[in-house]
Protein chains: 4
Amino acid sequence: MKAGVIGAGRIGKIHIDNLLRMPQVEVHAVSDLYADEALEQWANERGIPVVTRNSSDVMNDTEIDVVFICSSTDTHVPLILEAAKAGKHIFCEKPVSMDITQTIKAIEAVKEAGIKLQIGFNRRFDHNFKYVRDTVQAGKIGDPHIIKITSRDPNPPHEDYIQVSGGIFMDMMIHDFDMARFLAGCNIEEVYAQGNVLIDPVFAAYGDIDTAISTLRFENGAIGVIDNSRKAVYGYDQRVEVFGSGGSVTVANDFPNTAEISNAEGIYREKPLNFFLERYQEAYLVETKQFIECIDKGLDIPVSGSDALQAELAALAAKWSYTQKRPVKISEVLEQLSITK
Amino acid sequence: MKAGVIGAGRIGKIHIDNLLRMPQVEVHAVSDLYADEALEQWANERGIPVVTRNSSDVMNDTEIDVVFICSSTDTHVPLILEAAKAGKHIFCEKPVSMDITQTIKAIEAVKEAGIKLQIGFNRRFDHNFKYVRDTVQAGKIGDPHIIKITSRDPNPPHEDYIQVSGGIFMDMMIHDFDMARFLAGCNIEEVYAQGNVLIDPVFAAYGDIDTAISTLRFENGAIGVIDNSRKAVYGYDQRVEVFGSGGSVTVANDFPNTAEISNAEGIYREKPLNFFLERYQEAYLVETKQFIECIDKGLDIPVSGSDALQAELAALAAKWSYTQKRPVKISEVLEQLSITK
Amino acid sequence: MKAGVIGAGRIGKIHIDNLLRMPQVEVHAVSDLYADEALEQWANERGIPVVTRNSSDVMNDTEIDVVFICSSTDTHVPLILEAAKAGKHIFCEKPVSMDITQTIKAIEAVKEAGIKLQIGFNRRFDHNFKYVRDTVQAGKIGDPHIIKITSRDPNPPHEDYIQVSGGIFMDMMIHDFDMARFLAGCNIEEVYAQGNVLIDPVFAAYGDIDTAISTLRFENGAIGVIDNSRKAVYGYDQRVEVFGSGGSVTVANDFPNTAEISNAEGIYREKPLNFFLERYQEAYLVETKQFIECIDKGLDIPVSGSDALQAELAALAAKWSYTQKRPVKISEVLEQLSITK
Amino acid sequence: MKAGVIGAGRIGKIHIDNLLRMPQVEVHAVSDLYADEALEQWANERGIPVVTRNSSDVMNDTEIDVVFICSSTDTHVPLILEAAKAGKHIFCEKPVSMDITQTIKAIEAVKEAGIKLQIGFNRRFDHNFKYVRDTVQAGKIGDPHIIKITSRDPNPPHEDYIQVSGGIFMDMMIHDFDMARFLAGCNIEEVYAQGNVLIDPVFAAYGDIDTAISTLRFENGAIGVIDNSRKAVYGYDQRVEVFGSGGSVTVANDFPNTAEISNAEGIYREKPLNFFLERYQEAYLVETKQFIECIDKGLDIPVSGSDALQAELAALAAKWSYTQKRPVKISEVLEQLSITK
């Protein structure tokens with residue numbers, strides 16, 4: 001199988017290095033708007049023959065079976081449409097689009113083309129969260145009643161990024177909306193979002209917030225809550241809890257070691273793994289492995305376009321809820337957008 | 001100092017046994033609507049001279065300096081008014097009243113009489129929560145941004161009690177509203193409550209729910225969330241987290257021991273302390289000690305009538321929010337009740 | 001039941017306050033070589049009628065049924081003999097004697113008199129250690145293979161005490177030898193002790209050491225290890241582990257609260273409970289309760305004179321082992337002392 | 001740099017896969033006494049040109065700069081001598097030899113040849129143990145007083161292996177003797193070993209034991225203890241603690257995830273990572289990386305032949321101690337073997 005990667009930023013490079021560890025795959029081409037000598041050398045060291053600034057060179061290359069779309073969000077849908085037309089399988093980073101009708105268009109194109117599309121909700125492949133999901137699915141905590149997700153970044157993004165991020169709900173909490181659905185085993189029905197600018201006024205300047213809590217209601221009657229902060233000084237904070245009729249399952253953060261130092265001041269341990277690149281290193285590898293295997297063996301994709309759509313709907317509902325200061329139903333979002341589910 | 005206790009149920013007896021451990025206090029009388037031989041013997045063993053069915057016997061006893069009101073909620077305000085008139089200091093169990101205007105009336109009577117009134121928000125005296133509060137107050141986690149409270153009972157109350165409890169917000173979450181204010185160091189401004197009947201349909205029969213999440217907004221701009229369940233099969237679950245600009249502080253449950261058993265199946269430890277009588281045993285002692293000391297030394301009471309009022313307002317806002325499916329501001333509750341703050 | 005307490009130091013006072021919480025017991029007399037006005041007032045506040053400098057006043061008081069021997073170690077055996085003669089039940093602090101033949105003499109006198117003697121190995125009643133013992137006894141970890149005990153003090157004793165303490169093995173590790181037997185469910189067969197002066201040269205001045213490790217062999221074939229330090233800067237460190245064919249059980253230290261503070265430096269929690277008075281507060285109460293109950297109901301005493309003897313033999317073996325730089329069998333100690341077991 | 005690997009068992013294959021991840025190295029040849037088609041295919045998939053049954057093919061290949069000796073222990077010294085002669089750098093698995101005089105011979109040959117020799121004490125590169133060592137070296141716990149190592153296997157080896165293993169001290173505890181030196185920052189001076197056959201009588205049949213405790217005395221005056229078991233039903237148990245004048249540092253086991261499940265029976269988590277291949281996966285990678293880097297940059301090797309010698313001396317002292325039932329000094333072992341240090 002030959003792969004082409006569009007977008008050679010941080011995340012594109014991670015996917016390439018992971019693909020290189022899979023014997024079934026050959027990374028054939030990489031495209032990036034800003035491809036330069038440094039990228040060429042980087043690709044060369046990895047034995048990647050084609051480096052280009054033009055994503056069409058990847059799309060038109062008939063040797064390529066599968067494309068990884070790791071470019072900016074606004075390019076996702078056009079590239080998906082192009083790849084679907086070219087009959088290539090697609091791995092696309094989240095979100096598919098800020099515009100839900102575009103997301104739907106992309107999903108339909110994929111369906112028609114009969115190709116496979118996997119969305120980069122990498123956290124589903126994390127050893128901790130996967131275990132929580134399996135525990136819930138196995139009925140070990142009974143029926144889920146309350147789902148709680150804590151998700152905090154160690155540092156806010158740069159102002160440049162804040163400007164185009166789509167806001168905390170579409171950029172950051174979208175991961176947690178997907179995780180909530182993943183853990184609950186059903187869709188979100190309603191969202192109420194509360195939040196504030198407590199870390200940096202720059203967020204307010206772009207109509208965004210930096211601290212948020214969303215209350216969720218799921219289709220199965222369970223309720224949930226997600227809290228987000230753009231800045232946890234103690235590092236990347238990623239924990240979940242599912243509480244049910246038969247008990248609960250929780251996962252704590254991952255740490256660089258298990259050491260505890262005891263001295264006259266108290267007991268001390270290091271901060272958790274500091275950023276998503278460290279925390280989810282293994283998850284990135286596993287998601288790509290499973291994607292490649294699903295193509296190889298003709299299996300169902302673990303995170304579909306429809307999963308992307310549902311997370312985007314929840315993020316939009318949260319955005320409306322925060323702005324309009326009221327709970328918002330997903331069904332209302334669908335109606336407003338004149339989408340027949 | 002001589003004390004009289006009104007209401008000799010579970011909680012009244014706890015207060016009596018704690019008072020007996022304080023050298024400054026003599027428990028002089030206990031009244032209970034259902035006082036019988038068993039209670040007389042119980043009181044006798046403890047050297048309590050007066051046992052009566054009539055609370056007026058306590059109120060009219062001029063030897064008594066301080067009364068503990070541990071009878072049913074509907075009797076709290078009349079008894080406070082009576083005690084205030086009699087010039088006795090008052091310790092009253094929570095809530096003061098289901099009717100907020102009555103609570104205000106009681107607070108005013110106490111103020112006029114110049115006596116001391118402490119409310120039984122015992123959790124403020126718990127070693128864990130006290131430490132969180134102190135950590136926050138000392139500025140160790142910077143400005144509070146997010147406050148999270150988990151509070152779950154091991155078992156639902158009996159149907160008889162559900163009928164008169166006032167509902168999950170006024171009966172159970174009221175403790176957590178007070179804790180939220182205690183930890184945030186300021187008042188709650190707005191509440192949004194989501195919930196469901198997931199444990200037992202009997203709750204629905206009385207217009208109540210058994211599982212609830214409330215999102216809070218505090219006057220200082222921080223946001224928060226409380227989750228409640230009437231049934232955690234693994235025992236009493238009481239945890240809090242305060243996250244701020246400089247870090248976070250969390251407290252976990254208390255356990256009967258620190259033992260871990262490792263075997264071929266995994267690592268196992270016992271459930272947390274099973275109910276509030278065990279978990280808050282020490283907190284009950286400390287709250288009474290401080291109350292007695294404040295009277296003794298003429299100090300300010302640690303939990304005032306105004307604290308009770310604020311928690312009741314939040315509980316009422318939550319109730320309205322849940323029923324009307326929208327966020328409710330405390331200021332709106334005050335307006336609706338024609339209360340000038 | 002009327003109790004007399006001999007020795008009103010720290011430990012004597014703890015026993016008195018615990019006895020005062022038991023309805024079956026009246027504390028009738030307290031004797032102390034240095035009894036003064038302060039002690040009289042202290043006793044007066046507690047309603048103890050007799051305060052004396054002469055222990056015979058306690059021994060000869062026919063109203064007294066049970067005596068607590070909390071005076072210095074050298075007085076234990078004479079007082080046990082006296083109490084046995086007077087037909088009083090005895091609670092005696094550890095060790096019974098530095099001289100094992102004296103300990104045997106005391107045990108025999110108690111046996112002849114048909115009274116009850118309990119030794120103050122309070123740690124057996126600690127919630128953690130008790131749970132480990134119960135877990136082992138219930139067969140939950142199979143046959144014990146390895147027993148590990150960590151026991152470290154927060155601070156060395158004063159020089160005055162070091163001089164008369166009997167050395168680290170008889171004064172400090174004796175508790176751990178008893179714990180080892182308690183957890184293994186059988187006697188120690190052989191001891192090898194290694195150690196050094198690493199904290200304060202004052203220990204060397206009295207032929208003592210401040211840091212020690214003893215390797216144990218038990219009669220059931222299990223092996224074990226105890227480590228002691230006179231100074232753990234992070235507080236009182238008391239942990240055990242029993243490892244067996246079916247798994248292991250460990251207990252960690254007790255902490256003042258469950259709080260964890262996370263900040264830019266790491267995760268921090270407070271030191272463990274700082275000294276034996278805090279850590280074993282509950283254990284002291286439970287041991288006295290059980291002693292009183294055993295007398296009341298004619299039950300077998302939980303920690304007998306024979307338990308004291310076995311711990312003393314192990315301590316002596318450790319002392320010889322350290323001095324002679326070789327493993328020493330308990331049977332050899334018995335032979336050398338011409339004791340027929 | 002071109003590498004040749006001698007011995008393509010489990011450990012040899014791990015080294016090959018790790019070498020393949022390093023850009024500076026090309027794996028040029030692999031030899032194994034039992035090389036077959038399966039190995040050829042395995043090597044082929046990895047692009048290794050030479051597969052042979054004859055280790056001399058590796059030794060005589062002038063293209064090869066560095067050899068990894070992963071064959072059986074009895075071949076280590078002859079192969080080291082051969083490699084030294086051929087001027088190749090050497091990575092050799094532990095122990096160098098069961099015969100200490102042979103180990104010394106090998107070390108001298110390496111010294112004369114001026115090549116680099118690293119010993120496979122992989123645990124020194126484990127994230128946990130490395131952190132403990134760094135903490136101690138940085139003076140964060142003051143002067144080390146007590147060093148404690150727990151090291152237990154999940155399952156005993158097969159009888160075939162027991163027969164040739166060299167016994168628990170030379171085969172298993174040798175890792176811990178090296179760790180003890182690594183953590184203490186100095187050599188072991190004296191060992192006393194206690195042990196028993198508690199798991200399987202097959203050990204006794206070969207004059208071996210399955211459960212052991214060694215007490216250590218270090219040259220800096222610190223004391224220590226290692227406990228080993230051939231069978232911990234709950235998995236691979238690898239923990240250490242260094243206690244010193246300024247505090248202590250401990251590391252616990254690594255777990256597959258951080259999940260805790262709470263239900264009506266208690267709190268449960270999974271067993272630790274089950275075997276050394278999982279637990280030390282990263283450590284194997286790091287040790288090889290550092291070895292290659294040291295050669296590349298002409299730096300000192302992190303684990304030298306002298307480290308191997310010291311661990312072997314301690315293991316031999318433990319063996320003698322266990323057999324002769326007395327503490328044994330390293331200096332005595334050296335004397336008996338007529339080694340001038």
Side-chain angles (χ1 to χ4, degrees), chain B residues 17 20-21 23-24 41-42 44-47 125-136 138-142 183 237-270 272-273 278-279 281-283, chain C residues 17 20-24 42 44-47 125-136 138-142 183 237-270 272-273 278-279 281-283:
Chain B
D17 274 333
L20 290 171
R21 295 174 66 177
Q24 319 100 302
Q41 196 190 323
W42 186 90
N44 202 37
E45 282 167 10
R46 282 156 181 80
F125 304 90
D126 173 73
H127 60 147
N128 288 333
F129 300 141
K130 180 70 167 47
Y131 186 86
V132 173
R133 155 85 169 196
D134 291 348
T135 301
V136 174
K140 287 186 189 164
I141 60 135
L183 298 179
D237 193 355
Q238 301 278 306
R239 292 169 287 150
V240 313
E241 172 177 7
V242 182
F243 169 82
S245 58
S248 78
V249 53
T250 61
V251 283
N253 286 311
D254 281 341
F255 286 82
N257 56 58
T258 62
E260 283 192 342
I261 298 177
S262 302
N263 60 29
E265 272 71 47
I267 316 293
Y268 163 91
R269 77 176 301 188
E270 285 205 313
L273 290 180
E278 291 161 273
R279 167 64 189 266
Q281 190 179 16
E282 186 206 7
Chain C
D17 274 332
L20 289 171
R21 294 174 65 175
M22 286 161 217
Q24 319 101 302
W42 187 91
N44 202 37
E45 281 167 11
R46 282 156 181 81
F125 304 89
D126 173 72
H127 60 147
N128 288 332
F129 300 142
K130 180 68 167 49
Y131 185 86
V132 173
R133 154 84 170 197
D134 291 348
T135 300
V136 175
K140 286 185 190 168
I141 60 135
L183 298 179
D237 193 355
Q238 300 278 306
R239 293 169 285 149
V240 312
E241 172 177 8
V242 183
F243 169 82
S245 57
S248 79
V249 54
T250 61
V251 283
N253 286 311
D254 281 342
F255 285 82
N257 57 57
T258 63
E260 283 192 343
I261 298 176
S262 302
N263 61 29
E265 272 71 48
I267 317 293
Y268 163 91
R269 77 174 302 187
E270 285 206 313
L273 290 180
E278 291 160 272
R279 166 65 188 265
Q281 189 178 18
E282 187 207 6

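The structure displayed is predicted, hence computed values, not measured ones. Each chain gets a letter, A, B and so on, in the order its sequence line appears, and its residues count up from 1. As a basis for the values below, the full set of heavy atoms in this structure was taken, side chains included, without hydrogen atoms, waters or symmetry mates.
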Margin query: To the closest 0.5 Å, what do you measure between OG (B:Ser248) and CD1 (C:Ile267)?
Written below: 7.0 Å
Checklist line | Leading residue by heavy atom contact count with chain B [cutoff under 4.5 Å; candidates C:Val251, C:Thr250, C:Asn263] | finding: C:Thr250
Notebook entry, point to check: So which part of C:Tyr268 gets closer than 4.5 Å to some heavy atom of chain B, the side chain, the backbone, both or neither?
Noted result: side chain
Check: With only heavy atoms counted, which part of B:Ser262 is less than 4.5 Å from chain C, the side chain, the backbone, both or neither?
Finding: both
Check: What heavy-atom pair brings C:Ala259 and B:Val249 nearest, and what distance separates the two atoms?
Finding: CB-CG2, 4.5 Å
Checklist line | C:Phe255 CZ to B:His127 NE2 distance, which is reported to the nearest 0.5 Å | finding: 13.0 Å
Item checked: Residue part contacting chain C, namely of B:Arg239, when any heavy atom lies under 4.5 Å -> neither
Check: Relative to chain B, which of C:Gly246, C:Pro256, C:Ala252, C:Ala264 shows the most heavy atom pairs under 4.5 Å?
Finding: C:Ala252
Item checked: Residue B:Gln41 excluded, over 12 heavy atoms near CD under 6.0 Å -> no
Note to self: Is B:Phe129 close to chain C through its backbone or its side chain, or both, or neither, when contacts mean heavy atoms under 4.5 Å?
What the structure shows: neither
Note to self: How long is the straight-line distance from CD1 of B:Ile261 back to NZ of C:Lys140, given to the nearest 0.5 Å?
What the structure shows: 5.5 Å
Margin query: Nearest 0.5 Å, please: how far is OG1 in C:Thr258 from CG in B:Asn253?
Written below: 7.5 Å
Notebook entry, point to check: Quick one: what part of C:Thr135 sits under 4.5 Å from any heavy atom of chain B, side chain, backbone, both or neither?
Noted result: side chain
